[in-house]
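Have a look at the structure below before the remarks.
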Amino acid sequence: MSEQVRVRFAPSPTGDLHLGNVRTALYNWLYAKHTGGAFILRVEDTDKVRSTEQSFESLLEIMKWLGLDWTEGPGVGGPHAPYRQSERTAIYEDYLGKLKSGGFVYPCYCTEEELELERKRQLGRGHMPKYGGKCLKLTEAERKQWDAEGKTSVLRFKVPAGEILVRDEVRGEVVFPDDQLGDFVLTRSDGSPTYNFTVVVDDALMKVTHVIRGEDHLSNTPKQILIYKALGFTPPKFAHLSIIKGADGQKLSKRHGETSCESYRAKGYLPEAFLNYLALLGWAPKSGEILSLKEMAAEFDLTHVGKSGATFDAVKLHWMGAQYIAKLSLDDLTRGVLPFLDEAQLLTRDKARDKFDWLKQVVDTVRTSLGCYSDVVKETFYFFSDELSFEPAQTEEMSGQLKVLEAFEKAFQEWAGEFNGENFMKIVKEVGKATGAKGKGLYHPLRLALTGREDGPELAKVGPILGRDKVVERLRVWTKGEVKD
RNA sequence: GACCCCAUCGUCUAGAGGCCUAGGACACCUGGUUUUCAUCCAGGCAACACGGGUUCGAAUCCCGUUGGGGUCACCA
């Protein structure tokens with residue numbers, strides 16, 4: 001059994017790539033790397049109505065951004081091309097012929113209204129809805145007549161009796177009882193094949209050995225196994241990953257906010273950090289939580305993938321992001337953050353080039369609190385803008401500290417030496433001595449006046465970066481009573 | 001409703017019958033460093049859903065209950 005492992009990620013291009021899909025792609029990729037196998041990217045775009053070219057393009061782009069490179073698929077080709085289902089219709093036609101001649105399918109002329117009615121009746125009786133097989137009983141003459149009348153039909157798969165066993169790599173053996181499966185649709189009334197059919201044909205022809213996908217496909221698996229058998233193929237091994245949930249315990253969806261991979265890229269998360277976090281949702285590496293794709297691949301193993309659903313936690317993702325940002329060089333981090341400052345209209349790229357060293361200092365002061373690049377905007381706002389806003393309670397506090405603020409203003413105003421961190425602290429200490437203010441009473445009013453925030457980096461760093469004039473100016477806003485908000 | 005899956009700290013998880021007085025990470029709290037803030041360091045809070053079995057012994061195996069989730073399309 002030294003057969004090469006072949007796995008695939010097969011999304012449909014019907015919108016932005018979802019977090020759950022990213023984890024599925026990652027696990028497939030990791031398993032391929034771990035085993036030295038192939039990672040196939042296949043695009044399931046048989047739904048002509050919902051699939052778009054734009055989604056297809058952005059899918060490829062986001063996969064590249066993530067660094068999940070594929071050994072076969074769009075752009076790189078491979079021995080089983082094409083890798084877009086919309087380009088494989090002739091192949092499906094071929095295999096459909098085999099099912100027809102084997103007597104595995106029959107046409108169904110039921111209208112959507114009829115089917116809907118049947119479904120409702122079954123639901124009302126407390127049964128799982130399934131197709132009753134009405135059109136199976138049609139005679140050849142009746143079919144000819146329907147066809148002649150121009151009635152549209154779909155092709156259904158004739159489900160044989162007998163329970164179906166799914167052997168799942170993460171779930172063990174799952175038995176689906178006999179009578180639950182109705183004859184399901186293989187081709188639509190326009191003749192196009194449906195997912196359950198194309199997925200089997202493609203996985204079989206592409207020699208996929210392990211189908212690793214979301215749990216939502218588990219209930220489709222019996223149908224697919226039936227098709228494998230009818231076509232004379234050996235089914236691959238299956239591994240169904242538990243669903244990723246939102247904070248309310250439901251399957252993660254749009255109403256939970258940010259669920260597309262794209263939105264995390266737009267926020268400026270590092271792809272390595274993003275994948276590292278996602279990897280931890282259902283898998284626990286032995287060697288600690290922070291590890292590179294290469295390290296993950298070395299350790300990854302299907303048997304240690306968890307069965308229970310995990311809740312997505314943006315707070316921990318933020319922490320993970322910060323771990324990766326901490327590893328960046330200051331130059332790289334500063335360059336990375338630049339587009340976000342530009343977008344927020346705090347600093348244009350041109351200006352940034354002129355003041356790059358200054359900008360580096362700014363970024364350095366806040367680097368430990370950045371989970372993603374875009375965090376830089378809220379963390380460094382006050383370095384670029386004078387429009388600080390204050391809560392009523394803060395304004396009140398400042399009014400009570402006027403003496404201290406005045407002392408600061410005077411001391412900074414009169415300072416003629418170099419305005420560095422050391423001297424800044426010297427001045428602060430002197431003001432403390434002169435006014436008797438100390439600790440929070442000394443620093444807090446100054447911090448608020450300079451940054452408009454309760455927290456932030458060391459003032460000894462903030463002051464010199466702002467420069468003496470700016471410091472005096474921001475103090476004067478208070479001492480002159482010119483409060484703006 | 002039917003079928004299927006799942007069940008350890010608030011969250012992600014370790015745990016493959018004795019190593020478990022249940023370990024780690026995030027979050028939170030406290031202390032130290034810092035006359036502010038943050039980092040950092042040290043410590044702390046906090047969980048085996050419940051009930052029956054099996055066993056000398058169960059978080060771990062079995063059954064049931066409860067709870068949560070997924071799926072029931074001419075979507076994938």
Side-chain angles (χ1 to χ4, degrees), chain A residues 10-14 44-47 49-51 85 108 110 112 115-116 119 122-131 152-156 166 168 170-172 174-177 179-182 184-196 198-199 213-222 240 242-243 245 247 249-251 277 280-286 288-290 303-304 306-313 315-320 326 365-369 425 428-429 432 437-448 451 453-462:
Chain A
S12 49
T14 54
E44 311 221 319
D45 54 355
T46 53
D47 184 343
V49 181
R50 298 196 306 155
S51 301
Q85 293 192 325
C108 167
C110 295
E112 285 191 45
L115 294 171
E116 188 55 37
R119 234 186 326 262
Q122 283 163 336
L123 238 28
R125 251 180 292 144
H127 289 297
M128 182 157 159
K130 64 168 193 179
Y131 182 63
T152 59
S153 64
V154 301
L155 236 38
R156 285 185 187 272
V166 177
D168 192 282
V170 341
R171 264 150 236 287
V174 183
V175 180
F176 289 84
D179 52 341
Q180 294 303 127
L181 269 188
F184 53 92
V185 174
L186 285 187
T187 64
R188 307 185 180 95
S189 48
D190 66 358
S192 64
T194 59
Y195 163 76
N196 281 121
T198 58
V199 77
R213 79 228 302 192
E215 191 185 10
D216 42 341
H217 286 289
L218 185 55
S219 50
N220 278 324
T221 312
H240 287 95
S242 58
I243 236 89
K245 300 179 289 185
Q250 309 271 80
K251 184 178 175 179
Y277 172 70
L280 264 24
L281 257 29
W283 177 61
K286 295 260 179 288
E289 291 194 328
I290 299 175
T303 62
H304 282 92
K307 296 190 240 258
S308 51
T311 305
F312 179 77
D313 180 8
V315 175
K316 188 155 183 179
L317 170 62
H318 186 274
W319 169 81
M320 182 65 82
T365 62
V366 297
R367 63 177 303 161
T368 54
S369 46
M425 287 309 285
V428 171
K429 279 174 189 163
K438 57 186 167 185
K440 203 164 181 172
L442 177 64
Y443 282 86
H444 199 248
L446 181 59
R447 177 178 290 285
L448 269 176
T451 70
R453 289 179 47 147
E454 302 275 340
D455 55 17
E458 271 181 77
L459 285 176
K461 285 183 177 165
V462 174

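Chain identifiers are assigned alphabetically (A, B, ...) following the order of the sequence lines, protein sequences preceding nucleic acid strands; residue numbering begins at 1 within each chain.
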- Note on the structure: Pairing partner of B/rG43, by Watson-Crick or G-U wobble and under 3.5 Å for both distances, is B/rC29
Protein and nucleotides 25-30 of chain B: nitrogen or oxygen contacts under 3.5 angstrom:
unit_1: B/rA25; atom_1: O2'; unit_2: A/Glu289; atom_2: OE1; d: 2.4
unit_1: B/rA25; atom_1: O2'; unit_2: A/Lys316; atom_2: NZ; d: 3.2
unit_1: B/rA25; atom_1: N3; unit_2: A/Lys316; atom_2: NZ; d: 3.2

- Message: Let me spell it out: for each of A/Lys307 and A/Trp283, pick the nucleotide of RNA chain B with the closest heavy atom. Which residue's pick is nearer the 5' end?
- Response: A/Lys307
- Task: Mind calculating the distance between CZ (A/Phe312) and P (B/rU13) to the nearest angstrom?
- Result: 13 Å
- Using atom P of each nucleotide, how far apart are B/rC48 and B/rG43 to the nearest Å? 25 Å
- Message: Heavy-atom nearest nucleotide on RNA chain B for A/Leu281 versus A/Leu218: which residue maps closer to 5'?
- Response: A/Leu218
- Using the P atom in both, what is the distance from B/rC9 to B/rA47, to the nearest Å? 9 Å
- Message: Can you check the distance between B/rU39 and B/rA22, where both ends of the measurement are the P atom (answer in whole Å)?
- Response: 30 Å
- If you round to the nearest 0.5 Å, how far is CE of A/Met128 from CZ of A/Arg119? 12.0 Å
- Can you tell me how far OG1 of A/Thr311 sits from NZ of A/Lys316, rounded to the nearest 0.5 angstrom? 13.0 Å
- Message: Within the 4.5 Å heavy-atom criterion, are A/Leu280 and A/Pro285 side-chain neighbours or not?
- Response: yes
- Query: Which value, in whole Å, describes the distance between the P atoms of nucleotides B/rU21 and B/rU65?
  - Reply: 32 Å
- Message: Under 4.0 Å, heavy atoms only, any strand: does A/Leu280 hit a base, just the sugar-phosphate, or nothing?
- Response: sugar-phosphate
- Task: Grab the CE-C1' distance between A/Met425 and B/rU36 for me, whole Å please.
- Result: 8 Å
- Once you round it to whole Å, what is the distance between C1' of B/rU34 and NZ of A/Lys429? 11 Å
- Item | Atom P, compared across B/rC41 and B/rA27: separation rounded to whole Å | 12 Å
- Between B/rG23 and B/rG15 - P atom distance, rounded Å: 15 Å
- Task: Give, for atom NZ of A/Lys251 and atom CD1 of A/Ile243, the distance between the pair rounded to the nearest 0.5 Å.
- Result: 5.0 Å
- Those residues at least two apart in sequence (or on a different chain) that pass ring pair (Phe, Tyr, Trp, His ring centres under 6.0 Å) with A/His444 are none
- Determine whether the side chains of A/Asp190 and A/Ser192 contain a donor N or O and an acceptor N or O closer than 3.5 Å. yes
- dist A/Leu317:CG -> A/Phe312:CZ (nearest 0.5 Å) comes out at 5.0 Å
- Message: Applying a 4.0 Å non-hydrogen cut-off, can you work out what A/Val175 is touching in the nucleic acid: base, sugar-phosphate, or nothing?
- Response: sugar-phosphate
- Note on the structure: Separation of B/rC37 atom C1' from A/Lys440 atom NZ, nearest Å, is 9 Å
Contact list (N/O, under 3.5 angstrom) for nucleotides 15-17 of chain B vs protein:
unit_1: B/rG15; atom_1: OP1; unit_2: A/Lys286; atom_2: NZ; d: 3.4
unit_1: B/rA16; atom_1: N6; unit_2: A/His304; atom_2: NE2; d: 3.1

- On a whole-Å scale, what distance lies between the C1' atoms belonging to B/rU8 and B/rA49? 10 Å
- Item | Inter-nucleotide C1' distance (B/rA16, B/rA73), Å rounded | 41 Å
- Partner of B/rC3 by Watson-Crick or G-U wobble geometry, both contacts under 3.5 Å, or none? B/rG70
- Watson-Crick or G-U wobble partner for B/rU54, using a 3.5 Å limit on both distances? none
- With A/Tyr131, which residues qualify under ring pair (Phe, Tyr, Trp, His ring centres under 6.0 Å), at least two apart? none
- Between A/His217 and A/Tyr195, how do the two ring planes meet: parallel, tilted or perpendicular, split at 30° and 60°? tilted
- Under a 4.0 Å heavy-atom criterion, the protein footprint on nucleotides 67-76 of chain B, written with B, S and -, is --SSSBSBBB
- Note on the structure: Taken to the nearest whole Å, CZ/A/Arg213 to C1'/B/rC4 is 14 Å
- Task: Provide the Watson-Crick or G-U wobble partner of B/rA49, both distances under 3.5 Å; none if there is no partner.
- Result: B/rU65
- Note on the structure: In whole angstroms, the gap separating C1' of B/rC5 from CZ of A/Arg171 amounts to 6 Å
- Note on the structure: Output for pair (A/Lys245 NZ, A/Ser308 OG), nearest 0.5 Å, gives 7.5 Å
- Minimum-distance pair of heavy atoms, taken over all atoms of A/Ser12 and A/Glu44: CB-O, 3.0 Å
- Item | Sugar-phosphate, base or nothing in reach of A/Gly182, heavy atoms under 4.0 Å | nothing
- Message: Can you measure A/Leu442 atom CG to B/rC37 atom C1' for me and round it to whole angstrom units?
- Response: 13 Å
- From CG (A/Asp47) to CD (A/Gln85), nearest 0.5 Å: 11.0 Å
- Message: Among residues at least two apart in sequence or on other chains, which ones pass ring pair (Phe, Tyr, Trp, His ring centres under 6.0 Å) with A/Trp283?
- Response: A/Phe300
